[in-house]
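Note on naming: letters A, B, ... go to the chains in the order of the sequence lines (proteins, then strands), and numbering restarts at 1 for each one.
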Number of protein chains: 2
Amino acid sequence: MYVTAASTAEDVVETGPSKRSIVRQRTVTIKPGKHLFLEGDPADYIYQVASGVLRLTRIMEDGRRQVIAFGYPGDTVGFPSDGLYHTDCDALVPSTLVVHRRAHLESAKGDPVLHQRLLLAALREISGMQDHFMMLGRKSSIEKLASFLMVLTARVGEPLGEFEQVTLPMTRADIADFLGLTTETVSRTFTQLRKSQIIAIDHVNTVIILKPIALRCIAEGDDN
Amino acid sequence: MYVTAASTAEDVVETGPSKRSIVRQRTVTIKPGKHLFLEGDPADYIYQVASGVLRLTRIMEDGRRQVIAFGYPGDTVGFPSDGLYHTDCDALVPSTLVVHRRAHLESAKGDPVLHQRLLLAALREISGMQDHFMMLGRKSSIEKLASFLMVLTARVGEPLGEFEQVTLPMTRADIADFLGLTTETVSRTFTQLRKSQIIAIDHVNTVIILKPIALRCIAEGDDN
DNA sequence: CGACGCGTTGATATGGCTCAAGAGTGGTGG
DNA sequence: CCACCACTCTTGAGCCATATCAACGCGTCG
């Protein structure tokens with residue numbers, strides 16, 4: 001068993017080296033609600049999301065929570081600092097992850113191509129986090145939610161007739177904690193976008209983008 | 001001339017390879033108010049702050065501004081993504097910087113020790129930004145300011161008798177844009193901390209920490 | 001069938017914003 | 001050296017966006 005979080009290690013399933021390529025890739029699967037790692041765990045592994053969605057969170061002693069990021073396929077999670085993880089990480093839906101040893105990031109001794117990829121992922125991470133700062137610090141609730149939907153649609157949107165549709169695997173509370181709002185405000189803001197005919201909502205967790213241009217305008221704060 | 005921002009290149013002074021060590025280090029100096037680089041500039045160089053203080057900002061079309069970070073000695077700025085800078089960077093006080101080619105970060109071909117240092121700086125950056133998320137998203141104004149003063153004091157505080165003192169090279173507006181507040185709220189919050197005898201303020205930009213424990217409690221949200 | 005978790009909506013409260021005025025503070029030129 | 005100006009900081013009054021508190025509907029699961 002190679003996974004770090006002792007309390008949850010039994011829930012993470014080693015699926016062994018892939019047989020499909022010459023380079024052996026170790027992967028794990030993780031079920032919803034189970035933790036991949038916790039803040040403070042020694043960070044011996046870095047994970048690349050192959051399928052599913054992860055949730056990276058930080059929690060204050062009094063229970064206030066900040067969702068740092070959602071990890072979608074292609075994303076890399078678990079960048080260490082001082083050899084420790086600095087967030088909790090769990091799965092929103094069943095997920096599969098490619099596992100890399102931390103050593104592969106921190107020295108180029110191993111596979112230089114892999115090293116390079118992990119490094120670029122870290123730099124992309126920094127850039128993405130800078131966007132998020134602007135969102136948390138300076139945007140209104142509707143701008144925040146519009147930005148969130150724009151990013152998610154660009155990333156994992158699917159065409160649906162003439163529109164685009166995006167499935168939200170996270171709860172309203174997750175979105176709230178990601179955007180620095182409350183669940184009530186997120187819910188009201190969804191309603192507001194729905195009543196403006198900018199989005200439609202199907203079964204609570206499926207959003208159809210009816211007016212992508214209007215949504216982008218709101219996200220970027222054009223006029224009000 | 002090796003600096004990226006065309007419009008400001010003439011203000012950045014090449015001070016040549018250091019003569020003090022066998023490893024030649026190129027350094028530049030930059031004066032207050034002058035830009036080291038702007039968002040969107042091609043990012044050919046990464047800078048390590050040797051002295052002074054830098055300010056990294058992002059600006060929305062309508063003028064809303066977010067200060068992403070302040071760059072103190074030891075910090076590294078200018079991590080590229082897609083080969084471009086994603087923030088503006090200027091100096092708050094006269095600063096000197098050690099210049100590294102981006103290639104030294106993105107391949108290990110050059111100096112592996114340097115490469116390793118830059119990589120660790122990037123990972124530390126990610127960790128620090130995660131702290132900042134919690135601050136922006138979930139903390140009250142007084143918690144934000146207390147956290148800010150704690151971090152700054154730990155980083156660049158100087159003993160003053162039995163207390164610690166920290167000099168703020170940035171304006172109230174900079175602090176506000178860093179914390180996601182307005183200058184008025186920052187000012188009022190300083191006053192509140194001063195009236196509680198937790199800090200004292202000397203000449204506007206010098207803060208003396210009278211009760212570090214009380215300040216830490218506020219920063220971490222103990223009780224109210 | 002009941003209980004629970006999640007989402008929505010309403011009513012009210014409030015923290016921080018906006019607008020406005022004044023008080024430092026530092027720089028410049030006469 | 002002083003007067004002036006520009007800029008930053010502080011403080012006050014009122015307002016508004018979002019939080020809080022509360023009720024209820026709906027779907028899921030035991």
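Projected onto DNA chain C by closest heavy-atom contact, A:V204 and B:H203 fall at different nucleotides, the more 5' of which corresponds to A:V204. Each of A:I201 and A:R138 was assigned the nucleotide of DNA chain C with the nearest heavy atom; the assignment lying further toward the 5' end belongs to A:I201.
As rounded to whole Å, 17 Å separates atom P of D:dC26 from atom CG of A:D202. A:Q192 has its CD atom 12 Å from the P atom of C:dT9, to the nearest Å. Atom P of nucleotide C:dG5 and atom CG of A:D174 are separated by 16 Å, given to the nearest angstrom. Whole-Å rounding puts the B:M170 CE to D:dC9 P distance at 11 Å. Atom CG in B:L181 sits about 14 Å away from atom C1' in C:dT18, given to the nearest Å. To the nearest angstrom, C1' of C:dG7 lies 16 Å from CG of A:L193. For the pair A:K195 NZ and C:dT8 P, the interatomic distance rounds to 11 Å; values are reported in whole Å. Between A:I175 atom CD1 and C:dC6 atom C1' there is a gap of 12 Å when expressed in whole angstrom units.
Both the sub-6.0 Å distance and the 45° axial angle are not jointly satisfied by A:R102 relative to the ring of A:Y45.
For A:R172, a side-chain nitrogen or oxygen approaches OP1 or OP2 of C:dT8 to under 4.0 Å. Residue B:S187 places none of its side-chain N or O atoms closer than 4.0 Å to OP1 or OP2 of D:dT11. Between B:T185 and C:dG15 there is no side-chain polar atom (N or O) within less than 4.0 angstrom of OP1 or OP2. Between B:S141 and C:dG16 there is a side-chain polar atom (N or O) within less than 4.0 angstrom of OP1 or OP2.
Checking side-chain atoms of B:S196 against main-chain N and O of B:Q192 turns up a donor-acceptor pair under 3.5 Å.
With D:dT10, D:dT18, C:dG16 as the choices, the nucleotide that has an atom nearest any side-chain atom of B:T183 turns out to be D:dT10. Counting only heavy atoms from C-beta on, B:T171 has its side chain closest to D:dC9 among C:dT9, D:dC9, D:dT18. Comparing atom distances between the B:E184 side chain and each of C:dG16, C:dT18, D:dA19 picks out C:dT18 as nearest. Closest to the side chain of B:R188, out of C:dT8, D:dA13, D:dA19, is D:dA13. Taking every side-chain heavy atom of B:T182 into account, C:dT18 is the closest of C:dT18, D:dT11, D:dT18.
A salt bridge does not link B:R124 to A:D82: none of the charged nitrogens lies less than 4.0 Å from a carboxylate oxygen. The existence of a salt bridge linking A:D88 and A:R55 is excluded, since no basic side-chain nitrogen approaches an acidic carboxylate oxygen closer than 4.0 Å. A salt bridge links B:D174 with B:R65: the distance from a Lys NZ or Arg NE/NH1/NH2 to an Asp or Glu carboxylate oxygen falls below 4.0 Å.
Ring-centre distance between B:H132 and B:F178: below the 6.0 Å cut-off.
Side-chain contact annotation: B:T185 with B:S141, donor-acceptor N/O pair under 3.5 Å absent.
Note on the helix from C:dC1-D:dG30 to C:dG30-D:dC1: terminal axis deviation equals 40°, with five pairs used at each end and the result rounded to 10°.
Of the inter-residue distances, the one linking A:I218 atom CD1 with A:M150 atom CE reads 10.5 Å to the nearest 0.5 angstrom.
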